[in-house]
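We name chains A, B, ... by the order of the sequence lines, and we start the count at 1 in each one.
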Protein chains: 4
Amino acid sequence: MQSRSPASRTGRPRSAAADAAILAATREALVDLGWSKLTLGDVATRAGVAKTTLYRRWAGKHELVVDAVAELFDALELPDRGSLAADIEGVVLQFAAILALPEAKSGLMAVVAEATRDDALRERVRASVVDRQKRLVLEGRARAQARGELPPEPDPGAAARTADLIFDMVAGAVVHRTLVSGQPVDEEWVRGFTQVLLRGLTAQSTRPAAG
Amino acid sequence: MQSRSPASRTGRPRSAAADAAILAATREALVDLGWSKLTLGDVATRAGVAKTTLYRRWAGKHELVVDAVAELFDALELPDRGSLAADIEGVVLQFAAILALPEAKSGLMAVVAEATRDDALRERVRASVVDRQKRLVLEGRARAQARGELPPEPDPGAAARTADLIFDMVAGAVVHRTLVSGQPVDEEWVRGFTQVLLRGLTAQSTRPAAG
Amino acid sequence: MQSRSPASRTGRPRSAAADAAILAATREALVDLGWSKLTLGDVATRAGVAKTTLYRRWAGKHELVVDAVAELFDALELPDRGSLAADIEGVVLQFAAILALPEAKSGLMAVVAEATRDDALRERVRASVVDRQKRLVLEGRARAQARGELPPEPDPGAAARTADLIFDMVAGAVVHRTLVSGQPVDEEWVRGFTQVLLRGLTAQSTRPAAG
Amino acid sequence: MQSRSPASRTGRPRSAAADAAILAATREALVDLGWSKLTLGDVATRAGVAKTTLYRRWAGKHELVVDAVAELFDALELPDRGSLAADIEGVVLQFAAILALPEAKSGLMAVVAEATRDDALRERVRASVVDRQKRLVLEGRARAQARGELPPEPDPGAAARTADLIFDMVAGAVVHRTLVSGQPVDEEWVRGFTQVLLRGLTAQSTRPAAG
DNA sequence: TCGTAAGCGAGACGGTACGTCTGGTCTTGCA
DNA sequence: TGCAAGACCAGACGTACCGTCTCGCTTACGA
């Protein structure tokens, strides 16, 4: 989350409660105000904490919001629903539900926007959000392979590339549908999306138009 | 772009050159500073224009940037490359190239982030960017249908839904790959993505696991 | 008071009312809070003015307070009371009355303290307060010479040195009595002080112990 | 200097060295930074002491500086130079030399300024600085009376009043000359000042203009 | 051709948030 | 219990932008 000189053994230790209070206050402020009107002074007030305490732990608004939002995605699970299609539909609906939270959507996109110019921030987003949730793809694929729904991967490189592609397609489509198109991710849409995705991944190599 | 009381016939007319200068200055500032450090005062200075002039035409930073960025996407074309796959690959590469421009990515995502809390802004984004480029999907599909690569649509409702789905999947995947994953949209990735998408759209209804 | 690029003819002119309001608010805040608890934000609020407006005109707390306090001393007058002694007693009492004002004493000493490390500030104090009031000494001496109470000055250098000495003795004694000793400058004290001063200035050169 | 519960017999005793180190560090910081930029955190660091230790002994910046500065004036002496005039000249020059020290002038005036609103502080200044040095006036007068340069005092009340007046005149004039007028207290000025003062004190009651 | 209404650049205005700094207090672990 | 270290709350600092408002001037239309 945030680091600290490892050699500091002396002095008063940092309050663990403050961290949690600040992150919760950040999410609360995102709900009430949205990203652009969220101020660190207000977050500090909501958390019952001095601004200095906040700045001691986070370098700025971006870093704080990444951490506050990243926690939300840890709620994602991949329960075994019996088939790959059902597993995908389930996790996509969960993902969409989180994305629909006001504390998630405003902050997440703003941080992504800022990350386009700030490598450290992009790395933080990738580590805290993207890579942390990529587990869902890997887990889902392994389960589908065990069920025989997907063939085993020929080589690790291709496996990683495919996993990345799937993640970009799933996350990208849901995010775009929700935030850019402004349409709901309902069961009907999810069914259509999952169908296209799964067929694309499992169909025989009868590349149609090129065939 | 921006409206003006229609009854104003008298008085000095607004400078047409100012509009273009402001939008160009906005893009220039996006390149130099990124969204978050871009200030309207700075844009006005770069455009050689007073702040008043800028505010007379745009309501704020968001609206200005939407207009400045939207123009960039008008460069997208859909030349006939002989097959649907080739057409898709071509337009995806063009789209990725525009998204890679610093003046596009930072501003676009920031505006999308802001639009999550501002309906008028979301509408503006949709009208200026999304709907304006959805023509590419419609045009590409019509062409593929003429070539016999895709079957004709059974009913208009389904046609519209599928077009939306395709747009969300294409735009979403490219945006996610570029801005969130921070990976390049190169020819290899585009080929893999197009394959999955096309197979998903054209494969017979052998929904594998659910079958 | 504060200067501004003389060539600026364009743009909105500075509000003259703001200057007066700020100086009055400063004196009011000095009364209520004293120097050390006076904040520029509070002064701005009292004056109904934005902090920026205040900082556009004064570089900091010190400069502002010098100007606010200096105005108080402009009320000093030297009415002709018939004799040098009476004139001195009158002006000393006036001076003591101003020094007893809470808006004067706290700010004045603090600024003098700060001026010990800041040449520009010392110069400002000298110009705004000291030199502006030295007129009283010169006027009083001229009047006394016209009455024949004091001999004419032999040469201008000595005249200036004596004027400076008188000013330091009068102002210093009153300030010290008021602020350091914390005793009132009442009529009895003024009579004693004036007697010593006048005898010192007019007695024959019978330097007693050295004689 | 500062008190401590007399009943505290248990626990670790306070470091006597810490007191001296803190006062010395305070003077050092006054030289380097002046009053307004002096911070207690910095003083603590210079003294190699924790802020807690410092606050256990002094209530705040004001009290600390009073004590740090007051020690400087203990160096004043009144060697017998043979005549009252010479004695005065000697002590005035010593006093001016101390006032010229950067650690003295900035802190002293600031504390006086603050004392205008803080009775406890004024009392502390009077006790630590003013009354402690008033001995010089009393001693000098006694010596002059022994020499026959001054008549014995008729009654104790008048004696005290005159001593106060002399102290205010001497200290006030030197302080004003040094800090407000910003002129050096050199031998020439001291000679002139002493002459006026002594004549004022010893001349016959030929109040000139009133006579 | 001339009046007039709106546009224009400049820059001051009242606000608000920034990120930093200091003042004093409190909480650790060691001596 | 004292001490060094350093985190804590509170709040002022001086700066930067915001979006609005005067200014004095310019420009095009229409009478």
How do Gly41(A) and Thr52(C) order along DNA chain E: which one's closest nucleotide is nearer the 5' end? Thr52(C)
Spell out yes or no: do the side chain of Lys51(D) and the base of dG24(E) have one donor N/O and one acceptor N/O closer than 3.5 Å? yes
Base, sugar-phosphate alone, or nothing: which one does Gly60(B) contact when heavy atoms must sit under 4.0 Å apart? nothing
d(CG, Asp42(B); C1', dA10(E)) in whole Å: 16 Å
Using 4.0 Å as the upper bound for N to carboxylate O, is an ion pair formed by Arg27(A) and Glu71(A)? yes
Identify which nucleotide among dC13(E), dG7(E), dA10(E) has an atom closest to any side-chain atom of Arg12(B), counting heavy atoms from C-beta outward. dG7(E)
Measure from the side-chain heavy atoms of Ala18(A) and tell me the nearest of dC8(F), dG11(E), dC3(F). dC8(F)
Is the positively charged end of Lys105(A) above the ring of Trp35(A), judged by distance under 6.0 angstrom from the centroid and angle within 45° of the axis? no
Does the distance from a Lys or Arg side-chain N to an Asp or Glu carboxylate O, for Asp42(C) and Arg46(C), drop under 4.0 Å? yes
What is the distance, rounded to the nearest whole Å, between atom CG of Leu33(C) and atom P of dA12(F)? 10 Å
Out of dC13(F), dG6(F), dC13(E), minimum distance to the side chain of Leu40(C) belongs to dC13(F)
Nucleotide dG7(E), atom P - distance to CG of Leu54(B) in whole Å: 14 Å
Looking at Arg56(A), does any N or O in its side chain come under 4.0 Å of the phosphate oxygens OP1/OP2 on dC8(F)? yes
In whole angstroms, how far is the C1' atom of dT22(E) from the CG atom of Leu64(D)? 15 Å
Looking only at the side chain of Thr10(C) (C-beta and beyond, no hydrogens), which of the listed nucleotides dG11(E), dC9(F), dA5(F) gets closest? dG11(E)
Comparing nearest nucleotides in DNA chain F, the 5'-proximal residue of the pair Ala16(A), Ala59(C) is Ala16(A)
Before accepting this row, confirm whether a basic side-chain N of the pair Asp19(B)/Arg14(B) lies closer than 4.0 Å to the acidic partner's carboxylate O. no
Between C1' of dC18(E) and NZ of Lys37(A), the distance in whole Å: 17 Å
Heavy-atom nearest nucleotide on DNA chain E taken for Thr39(D) and for Thr53(C); more 5' hit belongs to Thr53(C)
Whole Å only: how far is the OH atom of Tyr55(A) from the P atom of dA7(F)? 18 Å
If I take atom CG in residue Leu38(A) and atom P in nucleotide dC18(E), what distance separates them, rounded to the nearest angstrom? 8 Å
Closest heavy-atom pair, Leu40(C) versus Gly60(C), reported as atoms and distance to 0.1 Å, is CD1-C, 4.2 Å
Rounded to whole Å, please give me the gap between CZ in Arg57(C) and P in dG14(F). 17 Å
